Amino acid sequence: MKLQARDLRWRPPHSGTARTIVEDVSLHVGEGELVGLIGPNGSGKSTVLRMIYRILRPTAGAVAVDGRDVWEISARENARLMAVLAQEQGGGVDAGGGFGGFSVREMVSMGRTPHKSPFARDDRHDAGIVQSAMQRTGVLPMAERSFATLSGGEKQRVLMARALAQQAGLLVLDEPTNHLDVRYQFEIMNLIRSLGVTAIAALHELHIAAHYCDRLYLLENGHLAASGTPAEVLTEATIASVYGVRAAIRLHPRTGRPHIEFMPDDPV
Amino acid sequence: MPVLLAALAGLLLLSITFGITLGPVDIAPGSVWRIAGHELVLRLGLPSAAGEWTHAQHQIVWLIRMPRVLLAALVGAGLAVVGVTMQAMVRNPLADPYLLGVSSGASVGAVLVLAYGVLGFAGVYALPLGAFAGALLACVAVYWLAHSSGRLLAPRLILGGVAIGYCLSGVTSLVTLTAGQRELANAVLSWTLGSLAGTRWDELGLPALVLVAGIAWLLLQARGLNALLAGDETASTLGVDTTRMRRGLFVLVSLLTGVMVAVSGAIGFIGLMVPHVTRMLVGTEHRRVLPVAALVGAIFLVWVDAGARIAFAPTELPVGIITSLIGGPFFVWMLYRRGMSPGVGR
């Protein structure tokens, strides 16, 4: 098992009576799987992911990658086990107004950080890894351009290249299609698929989750409401109860994946 | 990159030479280094004959101008490096030790040492030690003010820094005026304005040591600084222990600022202007930015100091007045360029 999260719970520290954000969430990702984490806004997707990628320490429960508890290893060791595409793209960097900004190649080279000692220089080996990561994500032609000047879709591909350069076995993606035009949403998801990586992704768009993921976990108010294959999770009943929208679902004749047609005018 | 560094180093050497020749007494560029060479050879215990220079020229070059110009280079480099580091720490290109009140904190520490002899056990190091402590307190206070549930709020950072700076300047004035020492008031005035006048050789050792050690340490952290600029969460997922790193940077920034303020007072805006110009030259990667910023800062302050000495000769201006005259408009220009707000970089 690549990733195993057991009985995750999270409530903000020092918050007194504040509500628990995530409760009793267990999930796993097997080698080579692309697993989706779906749910309405505020259902706890990002919180679960942030516990997985070691930013939030769970109030209870544990996260293990390759059988190792992420809180028992250092940030550096953890960064060699998992690479993260967070929603934070590096605002300070890509804001552009003040900082000149990193070039695409420099941005991708950052992926080598957990592998290098302070005294080591980036050598030919690193340069090769960075080059091939850029090649695989198709950003090689823009290697010397400033990251800040790229479009949203291009930025995501550069960050994907950085994640590849990190050479971690698990990829954690927090809404990788967020703020992207439809074309780039498919482009980035196709890329993830084609790379054959093991990944868990929080996804906002149900049709994306249905089309690309091997398995889904559906969150509702911090609890797991359903899990299984897209066809098992994305049913008319669960969409009505969790999202509060009527939908008609048919299985696509060729892919066998659920195809969702929302019917917002019909009462739930 | 090596070509650029060599060119800047050459330019620095030329600037230093030129800076030493400038002044009421004319000195030829050649004599500058012949006199310096003569002194160095003597210090190595070897015989050296005095050259064709007069005693007065010798005194002026060796005892007055050379230590002062070298200190200008050290302080310029130090403040530029502090600016680079602070900007990465808070992910905001408007961060500067002077603007964020860190220099004012250092001044309070230094003035307390002068007025009340606190930290007397540290001997000649009491002054830089006091300045370091003051800088560290100001640094932590500003950061704490700007911090809210794991995020740095840029407007609070800048405004909080300015507020703390004013408050600490008030403390400096209060201590100065109530200590009942007239010489102190004079010393403090030149301080708050930032001045390199009257530099002695023995004042150069500590800043040089701290500067070289600081730059070396920062270069080892360069990957971490790059990652920090991309955001705390990103840095963590790249394996950087951000809490530990930031603690180290706090100490380093305070140490550099404290030591520089102890010798030269609060010289503003170097830490704002030089990193900005450097990034326009070589981009954002810290392995390039750090050495280039240090050299550009050194060259810049050598020239500004030269200007301070000759602009209204025989009256000499405190160097901080000129950096403020240039730096204020520069800050405004940075704000307006591409419609930037202090919120850039969140």
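Bear in mind that the values here come from a model prediction, so they are computed numbers and not experimental data. Here is how names work: the chains are called A, B, and so on, in the same order as the sequence lines, proteins then strands, and each is numbered from 1.
Summarising the geometry, atom CZ belonging to B/Arg279 is positioned 8.5 Å from atom CZ belonging to A/Phe102; distances are rounded to the nearest 0.5 Å. Here the OG1 atom belonging to A/Thr113 is positioned 6.5 Å from the CZ atom belonging to B/Arg223, to the nearest 0.5 angstrom.
B/Arg287 places a side-chain heavy atom less than 4.5 Å from the side chain of A/Asp122. A heavy-atom distance below 4.5 Å is found between the side chains of A/Met110 and B/Leu238.
Looking at B/Val282, neither its backbone nor its side chain comes within 4.5 Å of chain A, counting heavy atoms on both sides. Contact of A/Arg121 with chain B is made through the backbone alone, with heavy-atom distances under 4.5 Å. Looking at B/Arg288, the atoms closer than 4.5 Å to chain A (heavy atoms on both sides) all sit in the side chain, from C-beta outward. Contact of A/Ser117 with chain B is made through the backbone alone, with heavy-atom distances under 4.5 Å. For chain B, the nearby part of A/Arg50 is the side chain; its heavy atoms alone come within less than 4.5 Å.
Within a 6.0 Å radius of CZ in A/Arg76, more than 12 heavy atoms belonging to other residues, nucleotides or ligands are found. By the neighbour-count criterion of 12 heavy atoms within 6.0 Å, atom CD of A/Glu77 is densely surrounded, having more than that number from other residues, nucleotides or ligands. Within 6.0 Å of the CZ atom in B/Arg244, the count of heavy atoms belonging to other residues, nucleotides or ligands does not exceed 12. In A/Arg6, the CZ atom is not crowded: 12 or fewer heavy atoms of neighbouring residues, nucleotides or ligands sit closer than 6.0 Å.
Nearest heavy-atom pair, A/Ala75 versus B/Ser236, reported as atom, atom and distance to 0.1 Å: CB-O, 4.2 Å. Looking at every heavy atom in both residues, A/Gln166 comes nearest to B/Thr237 through NE2-O, 3.1 Å.
Between chain B and the residues A/Arg112, A/Glu106, A/His115, the most heavy-atom pairs under 4.5 angstrom are made by A/Glu106.
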